Amino acid sequence: MPKRHNMPEQLFKIRHSLAHIMAQAVTERYPDARPTIGPPVENGFYYDFAVPRPFTPEDLEAFEKRMKEIIQRGVTFERKEVSAEQARALFANNPFKLELIDGLLSGAGDDMGEEEADEPSSNNARPTTISVYTHDTFTDLCRGPHVASTREINPDGFKLTSASGAYWRGDERNPMLQRIYGVAFETEQELQHYLHQMEEAKKRDHRKLGKELEIFFFDDEVGPGLPLWQPNGAIIIEELEKLAKEMELKHGYQRVRTPHVTKEDLFLRSGHLPYYAESMYPPMELDNGVKYYIKPMNCPMHHKIFASKPRSYRDLPIRLAEYGTCYRYEKSGELFGLMRVRSMQMNDAHIYCAEEQFEQEFMDVIAMYLEYFRLFGIEKYVMRLSTHSRKGLGKKYVDNEPLWLKTEDMVRRAMQKHNVPYVEQEDEAAFYGPKIDVQIWSAIGREFTLATNQVDFAVPARFNLVFVNREGKEETPLCLHRAPLSTHERMVGFLIEHYGGAFPPWLAPTQVMLIPIADRHNDYCRQVAERLVALGMRAQVDDSTERMQNKIRKAQGQKIPYMLVVGDKERDAGAVSVRLRNGEDLKAMPLDQFIAHVWPIITARKAELWPMETGGA
RNA sequence: GCCGAUGUAGCUCAAUGGCAGAGCAAUCGAUUUGUAAUCGAUAGGUUACGGGUUCAACUCCCGUCGUCGGCUCCA
């Protein structure tokens with residue numbers, strides 16, 4: 001997201017040119033279609049069209065076929081500079097292009113038309129002329145660059161993948177256009193490789209694995225976005241909570257608990273109402289007309305706890321933590337498995353501190369992020385400093401620009417001083433302050449914010465939160481809102497995909513499966529399982545009437561880390577034969593030896609399955 | 001919320017206007033097995049829900065709900 005296109009120049013040209021060729025194919029078949037913008041994007045390109053009727057899958061096939069024909073004819077791309085007059089004449093029947101032309105000329109048209117998408121926002125010199133590119137019978141408004149000839153494009157290196165609606169200029173108040181996505185590479189092999197990777201990614205999709213591994217599901221009668229956690233899911237959640245509680249205890253947090261519903265007054269004070277109302281479940285109205293809302297956030301209640309007694313500078317920082325359950329009425333089309341739900345439990349905490357404590361507290365949260373990420377082996381993420389935008393002041397953002405600039409700089413300096421890499425993204429802040437978000441990607445490539453660490457310089461004042469400073473005067477504290485482990489929903493969804501369902505032993509719902517070879521070994525297996533369970537391990541016995549091979553297959557399918565096979569030999573020797581999830585057969589060993597090897601791995605939350613050089617995933 | 005696609009047994013999928021089927025899972029029986037699928041039998045359905053067209057609807061049409069791919073939006 002930060003870098004819009006970091007692809008090689010030639011690939012950029014190929015994708016960009018394919019977008020034009022597609023527009024030709026589309027307008028040939030549907031002369032009424034009005035091309036709007038069509039940039040190259042990661043892995044391919046898209047083009048948005050204003051059309052009377054949405055495209056069908058058959059249309060896509062026809063477009064693709066026609067595109068291949070055009071490419072194989074070897075047509076050339078030619079650039080031409082035209083005056084504004086000429087450009088308007090050329091695109092007289094296309095209001096979208098005219099709007100783009102106006103935007104270009106006014107110089108203010110920073111709205112990410114095609115031209116913006118084409119070039120990193122480097123040179124601000126506005127063109128006095130406008131460039132158009134012509135290939136074959138098709139001419140498009142475009143900054144370029146393009147391939148010289150379609151001979152540079154491999155006709156088997158691209159594929160049209162999907163059609164969908166998209167708002168003109170990404171604004172839902174604008175008309176809806178029809179977008180066609182394509183993927184494109186320089187060679188057929190790269191395309192096939194990409195398509196294969198997509199297939200593999202689908203196997204890791206948490207929605208698929210979550211069902212297969214019986215972690216969670218949705219039920220029509222319960223409602224969209226309201227996951228039901230099965231026993232396996234509850235185990236994972238409780239392990240995460242245990243981890244968070246240990247970590248937060250170490251970092252000086254105190255736990256609090258707050259109700260799920262509150263009077264409207266609280267959210268009026270916090271400023272969520274009416275601003276945030278559309279993301280909240282509608283209120284319940286009591287007989288006396290008083291409205292109660294289900295909470296979408298925990299902060300106002302934590303503020304009340306801070307305010308429940310006088311606070312001295314000596315008490316600060318005060319860190320209040322709660323795995324709070326919140327409900328947000330997300331639009332139906334925005335729901336996405338566990339990654340975007342309507343009921344969620346947040347790894348929430350609010351840190352109230354004096355300004356001079358900011359850096360220490362803020363960076364302690366960042367340190368916590370890093371500690372968690374190391375534990376989970378999370379490497380593919382981007383820390384994003386999300387800042388305000390001037391145009392959002394007074395609307396999306398608290399209207400106090402000097403304070404924004406000051407706070408953003410505080411964050412920037414803290415991050416730089418501690419050498420934590422980050423990127424900056426304008427217009428992504430919370431309404432009360434800047435934040436460091438941790439961006440991650442789902443198996444199928446969608447971007448989400450996992451953890452967040454937000455500075456709030458505004459809301460404490462609304463709640464009249466104060467502490468008495470050294471001079472005996474009242475002072476408003478800063479508040480940090482933080483959720484290093486995200487919500488249970490998003491965290492578990494992410495972890496399912498991150499591990500491909502093969503959780504490290506400490507998180508695995510079932511850690512050990514006892515596999516008796518014949519019925520006569522069942523009792524011994526039950527004794528072993530009892531002993532492991534008494535120790536604190538999650539062990540089960542597969543006493544079905546299946547053969548051992550079948551039991552192994554089932555346990556593998558559930559991605560259980562340890563399979564203990566037991567026959568006459570093991571029973572008679574008080575032993576177990578250890579098979580790891582990765583297929584390794586460690587042969588028979590005394591039960592005590594198995595425990596001695598595995599228990600430390602579980603309690604230390606290690607990633608590996610077995611000590612020494614053997615274990616893997 | 002918007003555009004499009006889609007919804008058949010617990011799961012994965014057949015059946016293109018003419019009696020709704022298979023594999024896996026489940027249940028029962030037999031088998032007692034040494035590191036990724038033993039054999040047999042049984043049961044399982046108001047084809048998401050509600051209307052309509054038709055002699056006849058899983059199939060065609062309309063509506064509702066859910067899901068999926070995007071747009072918008074977010075932890």
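Everything quoted here is computed from the prediction, not taken from an experiment. All chains are named by letter (A, B, ...) in the order of the sequence lines, taking the proteins before the strands, and each is independently numbered beginning at 1. Side chains are part of it too, since the values below use all heavy atoms of this structure and drop only hydrogens, waters and symmetry mates.
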**Prompt:** Looking across every strand, which nucleic acid part, if any, lies under 4.0 Å from Met176(A) by heavy atom: base, sugar-phosphate, or nothing?
**Reply:** base
**Request:** Indicate whether any N or O donor in one side chain lies under 3.5 Å from an N or O acceptor in the other, for Glu241(A) and His488(A).
**Result:** yes
**Request:** Let me know, please, whether Thr449(A) or Val565(A) comes out on the 5' side of the other along RNA chain B by nearest nucleotide.
**Result:** Val565(A)
**Prompt:** Taking atom types as modelled, is there a side-chain donor on Asp427(A) or His388(A) under 3.5 Å from an acceptor on the other?
**Reply:** no
**Request:** Take the protein atom CE of Met589(A) and the nucleotide atom C1' of U35(B), then report the distance between them rounded to whole Å.
**Result:** 14 Å
**Request:** Nearest whole angstrom, please: distance from the C1' of G70(B) to the CZ of Phe45(A).
**Result:** 16 Å
**Asked** Are any of Asn550(A)'s side-chain N or O atoms less than 4.0 Å away from OP1 or OP2 of U38(B)?
**Response** yes
Between N or O atoms, less than 3.5 Å apart, protein on one side and nucleotides 10-16 of chain B on the other: list the pairs.
none

**Message:** Just N and O in the side chain of Arg328(A): are any of them under 4.0 Å from OP1 or OP2 of C73(B)?
**Reply:** no
**Prompt:** Is there a donor and acceptor pair closer than 3.5 Å between the side chain of Glu570(A) and the base of G34(B)?
**Reply:** yes
**Prompt:** When we call it a touch if two heavy atoms are under 4.0 Å apart, what does Ala166(A) touch: a base, just sugar-phosphate, or nothing?
**Reply:** sugar-phosphate
**Prompt:** With sugar-phosphate meaning primed atoms plus P, OP1 and OP2, does Ser577(A) contact a base, only sugar-phosphate, or nothing at under 4.0 Å between heavy atoms?
**Reply:** base
**Message:** Without decimals, in angstroms, what is the distance between Asp542(A) CG and G34(B) C1'?
**Reply:** 15 Å
Return the polar atom pairs (N/O with N/O) between nucleotides 63-69 of chain B and the protein under 3.5 Å, or none.
residue: G66(B); atom: O2'; partner: Asp220(A); partner atom: OD1; Å: 3.1
residue: C68(B); atom: OP1; partner: Arg207(A); partner atom: NH1; Å: 3.1
residue: G69(B); atom: OP1; partner: Arg207(A); partner atom: NH2; Å: 2.8
residue: G69(B); atom: OP2; partner: Arg207(A); partner atom: NH1; Å: 3.1
residue: G69(B); atom: OP2; partner: Arg446(A); partner atom: NH2; Å: 3.4

**Message:** What contact category does Glu330(A) fall into here, base, sugar-phosphate, or nothing, at under 4.0 angstrom with non-hydrogen atoms?
**Reply:** base
**Complete:** Comparing Tyr167(A) with Tyr181(A), nearest RNA chain B nucleotide closer to 5' gives the residue Tyr167(A)
**Message:** Please tell me if Arg340(A) has a side-chain N or O lying less than 4.0 Å from either OP1 or OP2 of C74(B).
**Reply:** no
**Message:** If you go through the side-chain atoms of Arg547(A), does one of them form a donor-acceptor pair with the base of A36(B) closer than 3.5 Å?
**Reply:** no
**Message:** Once hydrogens and angles are ignored, does a donor-acceptor distance under 3.5 Å link the base of A75(B) to the side chain of Thr487(A)?
**Reply:** yes
**Message:** Students often mix this up, so state it plainly: with edges at 30° and 60°, are the rings of His481(A) and Tyr432(A) parallel, tilted or perpendicular?
**Reply:** parallel
**Message:** What's the closest nucleotide to the side chain of Thr545(A) if the choices are U72(B), U31(B), A36(B)?
**Reply:** U31(B)
**Request:** Return yes if a side-chain donor-acceptor contact under 3.5 Å exists between Lys435(A) and Thr387(A), otherwise no.
**Result:** no
**Prompt:** Looking only at side chains, do Gln230(A) and Glu214(A) share a donor and an acceptor under 3.5 Å apart?
**Reply:** no
**Request:** Measure from CD1 on Ile515(A) to C1' on A37(B) and round the result to the nearest Å.
**Result:** 13 Å
**Min side-chain heavy-atom separation Leu335(A)-Val341(A) under 4.5 Å** = no
**Prompt:** How is Glu334(A) classified with respect to the nucleic acid when contacts are heavy atoms under 4.0 Å: base, sugar-phosphate, or nothing?
**Reply:** base
**Prompt:** Which of the following nucleotides, A36(B), G4(B), A75(B), is nearest to the side chain of Met344(A)?
**Reply:** A75(B)
**Request:** Please measure how far the C1' atom in U16(B) lies from the corresponding atom in A57(B), and state the result in whole Å.
**Result:** 12 Å
**Prompt:** When you compare A48(B) with A14(B), how far apart are their P atoms, in angstrom units rounded to a whole number?
**Reply:** 14 Å
**Prompt:** Under 6.0 Å between ring centres, would you say that holds for Tyr293(A) and His272(A)?
**Reply:** no
**Message:** Regarding Thr258(A) and Glu322(A), do their side chains bring together a donor and an acceptor under 3.5 Å, going by distance alone?
**Reply:** yes
**Complete:** Output row for RNA chain B, stems defined as at least 3 consecutive Watson-Crick or G-U pairs under 3.5 Å, is B:1-7 with B:65-71, B:10-13 with B:21-24, B:26-30 with B:38-42, B:48-52 with B:60-64
